[in-house]
Each structure stands twice: as structure tokens, then as C-alpha cells.
Amino acid sequence: MDVDEVKERAGPRAFSPSDDLPGEYREAATRMIQFHANSEVMGGYLDKEFTRMAPSLDRKLACTAKCQDEIGHAQLLYRAAESLGVKTREEMLDELTAGEGKFLNCFHYPVDSWYEAPMIDFFVDGGAMRRQATLKNTSWEPYAHAMDKVCFEEGFHVKHGEDVLRELMTSSKANQERTQAAFEEWWPRILQFFGPTNDESHHDEFAQQVGLKTVSNDELRNSFLNMYVPKAEKYGLEIPEYPRIFERDDGTMAVREEDLDWEEFWTIAENDYEGSREQIGSRRRRQAAVEWVRESMTDWETAGGDAPQAAD
């Protein structure tokens, strides 16, 4: 099958590992799914920090469960990417540790307080849900199957984040002010979560032509604004003056793209931001810390033992 035939046949869950697909499709799909899997791993590290900061046992348990979910999502996605035959799971994880793997902009910023928890768990995860729901119709079938489970669990994550936001914004004046300050810091980052504008995106057009993506970056960003600006205001958050949000002729919302710091965004995209180096370094240290587990499993298999199996 050549690229033109792939474009002609592209549709929801159209292609599987049994199909003879061109290298261009396989590489594009691998890049997209690997990026998603890396983001799940790095997002899990933020949830680990929130587990330490959470003010109650119930919140700590919820953050721990969310962190576990995110790492589980990454495992599903690495396997979906691996099924394309371009890279192994181990190669993708090694690239992430080496600072070569890319991941979503919001996970390059370290978090310092519990007031940032709803920024990630409600707004960022809410944005992720807008994007991931569309990926149930991606053309690579293993990716779409993974998204069925991912979206189910992400829905709980968003509800958890919304409950944290509600609790903070209905408590003391000091908590409200600190949450507002966190919102103002994170709001531009959240709007860049969907990636560069359509005309600046390097891969968006091809990904849509072959059915890997079904909705553009700009459409996702505007859809998020239409849903989440009212939600923010419902809980008493004030939308910052900048970046400017405006209403289009059809009544939907959009952002003035020139108000966003795209220079910082592209620096982050190259893993060349101070936070990038800190987050990737954290991943590198954690991978090294459990290297003995992988070595023990390899030694066990080499000695003729049965490989340890995950629980059903």
C-alpha cells in the first residue's frame, strides 16, 4: 500500500499491524503515539508531587491512583506505537531518558504548590480529554483501542481536578486568591497545550490526511475555550486580560495567538527549557534507580525461569 492509497482508505480504525503500510505512515504514527506516551509518563511525575502536597488522606489516595493510571496509559501507548514496527518500547523509553523524546509543554514546568493541582488535573486533563476523545477515531487501530480505556479513566481525573478546584474556590479568601494566581500563571501554558497554530505545525496536515488526527490544533483549542471559559467563571476564576480571548462571528471563542509566548513554546519543544532539563533529569534518575529490577528479570529469563507476569 502506498501513501496515496492510505489517504484514500483513511478512516476510523482503518489500519492494523496486519496491513502493509508505507514507512511514511508508520513513522508519522510512531512519532505521534510516542509523544503521547511520553506525555503520560511525565504527567504522572506531576501527580506524584501533588500526592506529597495533598492536604488530606483522601486527596493523597486520589492523586496516587491518578499517577498509577497515567503510567498505565503510557504502557498501553508505547505498545500501540511498538506495533508499528519502527521502534521498540525500550528504545522509546531510552530516548525519553536521554532528552531526545518529546512531550507536552505543560509537563515541562515544575509544580510548587497544591493550588496548581486543579490547573493540571482539571484544565490540562480537560484539554487532553477534548483531544483524546477525537483519537478514538484515529486510523491506527491499536491506538484507538488504547484510547477507549484512556478516555474512560481520564474522565475520572477531570472530575477529581474539578472537585479540588471547587473545594479551593469555596474555602477561604486566601485559598481563592492563591488559586487565582496559579490560574493566571498556567492559563497561557494551557492554551498552548494543543500545540502550535495550524500554519506553524510541522505534522498536522499529513496526520489528518492519513487519518491519524481528525481535528486540527486550532479547532481543539477553540473547542476547549468554549467549554472551559464558562467552567472557570462558574467557580469564580477571572480570565486573565492576556492572552486576549475574543468571540467570533459565530459566537464561539478563540485566542489572539500573537499574545502567546511561542518562543518559549518552541524552546520547550526542543527540551531546551530549564524546566525541561529538570523534569527529564528526574526521569533519568528514576529509571536508573530501578535498573536492577530489569536486570533481575533478564537474568531470570536467561537462567531458564518463567518471566514474571502482570496480574490480570
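Because the structure is predicted, anything quoted here is derived from the model rather than measured.
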> Is there a side-chain contact between Arg166 and Asp163 (heavy atoms, below 4.5 Å)?
Replying inline: yes
>> For the residue pair Arg256 and Phe246, would you count it as a cation-pi contact if the rule is NZ or CZ under 6.0 angstrom from the ring centre and within 45 degrees of the ring axis?
In response: yes
> Does Ala254 offer a backbone N or O that forms a donor-acceptor pair with the side chain of Asn222 under 3.5 Å?
Replying inline: no
>> Pairing donors with acceptors under 3.5 angstrom, does anything connect the side chains of Glu153 and His157?
In response: no
>> Does Glu100, at its CD atom, have more than 12 non-hydrogen atoms belonging to other residues, nucleotides or ligands within less than 6.0 Å?
In response: yes
> What distance separates Tyr115 OH from Arg178 CZ, expressed to the nearest 0.5 Å?
Replying inline: 4.5 Å
> So if you build clusters from Ile, Leu, Val, Met, Phe, Trp, Tyr with side-chain heavy-atom gaps below 4.5 Å, do Leu76 and Phe103 land together?
Replying inline: no
> Does Met147 reach the side chain of Arg131, with side-chain heavy atoms less than 4.5 Å apart?
Replying inline: no
>> Using side chain to side chain contact (heavy atoms under 4.5 Å, CB included), reason through Trp140 and Leu84 one step at a time and then give a plain yes or no.
In response: CA-CA 9 Å; Trp140 184 240; Leu84 287 149; 3.6 Å; yes
>> When you compare the side chain of Asp4 with that of Glu8, does any pair of heavy atoms fall below 4.5 Å?
In response: no
>> Would you call the rings of Tyr109 and Trp186 parallel, tilted or perpendicular, taking 30° and 60° as the class edges?
In response: perpendicular
> Between Val3 and Gln209, is any pair of side-chain heavy atoms under 4.5 Å apart?
Replying inline: no
> Taking atom CD1 of Ile280 and atom NE2 of His108, what is their separation to the nearest 0.5 Å?
Replying inline: 6.5 Å
> Taking Lys102 for the side chain and Phe35 for the main chain, is one N or O donor matched with an acceptor at less than 3.5 Å?
Replying inline: no
> Does anything in residues 10-19 pair up under side-chain hydrogen bond (donor to acceptor under 3.5 Å, both in side chains), and if so which pairs, sequence neighbours excluded?
Replying inline: Arg13-His145, Arg13-Asp148, Ser16-Ser18
> Could you state the interatomic distance from CG (Asp2) to CD (Glu5), rounded to the nearest 0.5 Å?
Replying inline: 6.0 Å
> Hey, does Tyr242 have a side-chain heavy atom less than 4.5 Å from the side chain of Pro188?
Replying inline: no
>> Is there a side-chain contact between Leu165 and Leu237 in this structure, where contact means two heavy atoms from C-beta onward sitting under 4.5 Å apart?
In response: yes
> With side chains defined as the heavy atoms from C-beta onward, is the minimum distance between Ser216 and Gln208 less than 4.5 Å?
Replying inline: yes
> Would Ile190 and Val124 count as a side chain to side chain contact (heavy atoms under 4.5 Å, CB included) if you check the C-alpha gap in whole Å, the side-chain angles of each, and the deciding distance to 0.1 Å?
Replying inline: CA-CA 6 Å; Ile190 293 165; Val124 172; 4.0 Å; yes
> Using a distance-only test with no angle check, is there a side-chain donor-acceptor pair under 3.5 angstrom linking Gln34 and Glu95?
Replying inline: yes
> Is any NZ, NE, NH1 or NH2 atom of the basic residue among Lys66 and Glu70 found under 4.0 Å from an Asp or Glu carboxylate oxygen of the other?
Replying inline: yes
> Do we get Lys231 above Tyr228's six-membered ring, with its NZ or CZ under 6.0 Å from the centre and within 45° of the axis?
Replying inline: yes
> If you measure only the distance, is there a donor-acceptor pair under 3.5 Å linking the side chains of Gln180 and Gln176?
Replying inline: no
>> Between the side chains of Glu219 and Arg130, is the shortest nitrogen-to-carboxylate-oxygen separation below 4.0 Å, so that they form an ion pair?
In response: no
>> Applying side chain to side chain contact (heavy atoms under 4.5 Å, CB included) to Ser223 and Phe194, what does each step give before you reach the verdict?
In response: CA-CA 11 Å; Ser223 174; Phe194 300 97; over 6 Å; no
> Are any non-hydrogen side-chain atoms of Asp121 and Val164 less than 4.5 angstrom apart?
Replying inline: no
> Less than 6.0 Å separating the ring centroids of Phe123 and Phe183?
Replying inline: yes
> Taking NZ, NE, NH1 and NH2 as the nitrogens, is one of them in Lys159 or Asp125 under 4.0 Å from a carboxylate oxygen of the other?
Replying inline: no
> Which value, rounded to the nearest 0.5 Å, describes the distance between Ser276 atom OG and Met42 atom CE?
Replying inline: 9.0 Å
>> Just checking Phe15 against Tyr25, ring centres under 6.0 Å apart?
In response: yes
